[in-house]
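When a residue number appears, it is its place in the shown sequence, counting from 1. Worth saying up front: this structure is predicted, and the values here are computed from it rather than measured.
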Amino acid sequence: MQKEPHALLTLKQAAAMLNVSRMTVDRAVKAGEIPSIRFRRTYKVPRAFIVRLLDIAESGQSVVVEEYAAVYRAETLAEVAV
């Protein structure tokens, strides 16, 4: 039986998926460019955000992370409000 992947990624895991350094993801998270959850001094990034971002890029569209993050947040808030 396969274990379902966790809904949250460490910054290192998110960086590996995006093929950038952990520091790049860390800066983007702290600048509010990538949605995150902060628990004490640890940040986690929603796996769904990274997967959807990569899906869009793989479909041939250009993606600006900051712009997509705004769309993702709006969609997420709309789902929570329902």
Joint hydrophobic cluster, L8 plus I50, side-chain heavy atoms closer than 4.5 Å: no
Examine distances only and state if a side-chain atom of R47 and a backbone atom of H6 form a donor-acceptor pair shorter than 3.5 Å. yes
Ring pair (Phe, Tyr, Trp, His ring centres under 6.0 Å) filter on Y72, not counting sequence neighbours, yields F49
Using distance only, find each side-chain donor-acceptor pair of residues 24-37 under 3.5 Å and give its atom names and separation, not counting sequence neighbours.
{"residue": "T24", "atom": "OG1", "partner": "S21", "partner atom": "OG", "Å": "2.9"}
{"residue": "D26", "atom": "OD1", "partner": "K30", "partner atom": "NZ", "Å": "3.4"}
{"residue": "D26", "atom": "OD2", "partner": "K30", "partner atom": "NZ", "Å": "3.4"}

Just do the side-chain contact (heavy atoms from CB on, under 4.5 Å) check on V71 and E75 with the steps written out, would you? CA-CA 6 Å; V71 171; E75 291 173 356; 3.5 Å; yes
Is the shortest side-chain heavy-atom distance between L54 and L18 below 4.5 Å?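 Yes, at least one pair of side-chain atoms sits under 4.5 Å.
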Are any of the side-chain heavy atoms of K44 and T10 separated by less than 4.5 Å? yes
To the nearest 0.5 Å, what is the distance between OH (Y68) and CG (L53)?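 Rounded to the nearest 0.5 Å, the OH-CG separation comes out at 7.0 Å.
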What distance do R52 atom CZ and I56 atom CD1 have between them, rounded to the nearest 0.5 Å?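 It is 7.0 Å, given to the nearest 0.5 Å.
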